[in-house]
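Remarks on the structure that follows.
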Amino acid sequence: MTNKRQDRIEVCPDLAALSRRSAELFLIAAAAAIAKKGRFAVAISGGATPRLLYQLLASTEFRGRLAWEKLHIFWADERCVPPTAPESNYGAAYEILLSRVPLPAVNIHRIQGELPPVQAADAYEEELRRFFGEERLPVFDLILLGVGADGHTASLFPETLQAMASGRLAAPVYVARLNSHRVTLTLPVINSARRVLFLAAGKEKAPVVREIVEGKNTSYPAALVRPQGELIWLLDKEAAGNLTL
Ligand code: 6PG
């Protein structure tokens, strides 16, 4: 189904089904990008929801279906911690997925969370410019995002979004209530993507998913994600539980 904004909404019975479907969509997006340009640039997220997807991609069932040498993995956001810290988005993805697949190390474009936040954001911007070119905004083939119950996505939080310096590709963020320094892709970069896939599971996400998908709150950071390409919401039954579409 679609909503007024023409986002595509798919509801799966549970997290396992959602993860399988997202793995299929990942494969489809990769195949399309590789056929067209010979490479697939994807930005992935942290959080709990995509862990099963990452496990699936590393499984014997899926691993052989991806041309790993043509994949380039970036991050939508990172916590400013060393890669070995349990909070590191890179660290989690490395353990579950990246260390288990034949992805060349040079195709891993991580945010260096161990650096001071401004330096980490600057270094990531440089990496983005090197890969995508200086001239224009990076265009990811796919960005995988989650949404928090407070409407945040990547590390774009309601209370920090306004203060974000314009013109940046990646920005340092301090979230006081979480006492957490992070680096995030900015909205213009997210909105330049060819495809954005939101994954949301669990009943605690139902109110925020309804508010965003049904256009009841248009100021949440996640509601400001309006990519030039396709936007897909992949929900489990619980996260979709409040929808009246
Ligand atoms: C992070 C994220 C963040 C996440 C949401 C949803 O580093 O935490 O990238 O934006 O996607 O908080 O997280 P869950 O999947 O755990 O609900």
Side-chain angles (χ1 to χ4, degrees), residues 12 14-16 18-19 21-23 26 42-56 73-83 85-98 109-114 117 120-121 124 140 142-161 164 170-187 189-191 193 196-213 220-225 227 231-241:
C12 303
D14 52 24
L15 181 63
L18 177 153
S19 304
R21 179 66 182 140
S22 56
F26 190 99
V42 56
I44 64 174
S45 280
T49 317
R51 293 182 74 93
L52 197 50
L53 158 67
Y54 301 156
Q55 267 174 36
L56 274 176
I73 308 272
F74 293 78
W75 274 261
D77 70 327
E78 182 58 282
R79 295 99 187 269
C80 289
V81 294
E87 304 84 27
S88 168
N89 288 343
Y90 161 79
Y94 186 80
E95 189 192 319
I96 312 172
L97 170 62
L98 306 178
H109 308 268
R110 75 177 180 92
I111 302 172
Q112 296 174 68
E114 65 275 28
Y124 194 44
F140 280 101
L142 176 67
I143 302 184
L144 286 176
L145 293 175
V147 59
D150 60 355
H152 84 263
T153 190
S155 283
L156 302 169
F157 285 82
E159 67 270 36
T160 58
L161 194 59
M164 202 164 276
V173 185
Y174 177 64
V175 191
R177 79 186 138 90
L178 303 175
N179 186 23
S180 177
H181 284 280
R182 295 162 175 228
V183 170
T184 185
L185 287 179
T186 57
L187 261 182
V189 175
I190 293 175
N191 283 339
V196 170
L197 180 56
F198 271 108
L199 304 182
K203 58 178 184 304
E204 67 284 1
K205 301 288 171 71
V208 76
V209 164
R210 175 168 189 229
E211 284 187 81
I212 296 171
V213 170
Y220 284 140
L224 302 175
V225 173
L231 175 54
I232 306 173
W233 286 88
L234 211 47
L235 308 171
D236 75 346
K237 253 195 190 144
E238 290 188 339

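Values below: every heavy atom of this structure, side chains too, minus hydrogens, waters and symmetry copies. Residue indices begin at 1 and follow the sequence shown. Whatever order the structure lists ligands and atoms in, that order sets their numbers, starting from 1.
Annotation for ligand 1: atoms under 4.0 Å from non-hydrogen atoms of T49 are 14 (P), 15 (O), 17 (O). Which parts of ligand 1 touch S45 is read off a 4.0 Å heavy-atom cut-off, strictly below it: atoms 9 (O). Close contacts of ligand 1 with G146, meaning ligand atoms under 4.0 Å from a residue heavy atom, involve 11 (O). In summary, the atoms of ligand 1 found under 4.0 Å from a heavy atom of K205, numbered by their order in the structure, are 14 (P), 17 (O).
For atom 1 (C) of ligand 1, the nearest protein heavy atom (residue, atom name, distance) is R79 NH2, 3.2 Å. The shortest contact between atom 16 (O) of ligand 1 and any protein heavy atom is with A48 N, 2.7 Å. Ranking protein heavy atoms by distance to atom 6 (C) of ligand 1, first place goes to V147 O, 3.7 Å. In this structure, the protein non-hydrogen atom closest to atom 9 (O) of ligand 1 is D77 OD1, 2.6 Å. Nearest protein heavy-atom neighbour of atom 13 (O) of ligand 1: G47 CA, 3.8 Å.
Across all non-hydrogen atoms, the minimal contact from S19 to L52 is OG-CB, 3.3 Å. Minimum heavy-atom separation, A171 to M164: CB-CG, 3.7 Å. Closest approach of D150 to P158, counting heavy atoms only: O-CG, 3.3 Å.
For the residue pair R182 / S180, a side-chain donor-acceptor distance below 3.5 Å is found, with atom types taken as modelled.
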- Give the C-alpha distance, both sets of side-chain angles, the deciding distance and a yes or no for side-chain contact (heavy atoms from CB on, under 4.5 Å) between E159 and V175. CA-CA 8 Å; E159 67 270 36; V175 191; 3.8 Å; yes
- Query: Going through the distances and angles, do F198 and L231 end up as a side-chain contact (heavy atoms from CB on, under 4.5 Å)?
  - Reply: CA-CA 8 Å; F198 271 108; L231 175 54; 3.6 Å; yes
- Message: Using side-chain contact (heavy atoms from CB on, under 4.5 Å), reason through L224 and L156 one step at a time and then give a plain yes or no.
- Response: CA-CA 10 Å; L224 302 175; L156 302 169; over 6 Å; no
- Item | Worked check of side-chain contact (heavy atoms from CB on, under 4.5 Å) between K237 and D14 | CA-CA 6 Å; K237 253 195 190 144; D14 52 24; over 6 Å; no
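Among the atoms of G148, none of the N or O lies under 3.5 angstrom from an N or O of ligand 1. Between N89 and ligand 1, at least one N/O pair is under 3.5 Å apart. Between L145 and ligand 1, no N or O atom pair is found at a separation short of 3.5 Å.
Heavy-atom distances between A154 and ligand 1 reach below 4.0 Å in at least one pair.
The aromatic rings of F74 and F140 lie perpendicular to each other, with more than 60° between the two planes, well past the 30° mark.
The side chain of H152, and not its backbone, has at least one atom closer than 4.0 Å to an atom of ligand 1 (non-hydrogen atoms only; side chain from C-beta on).
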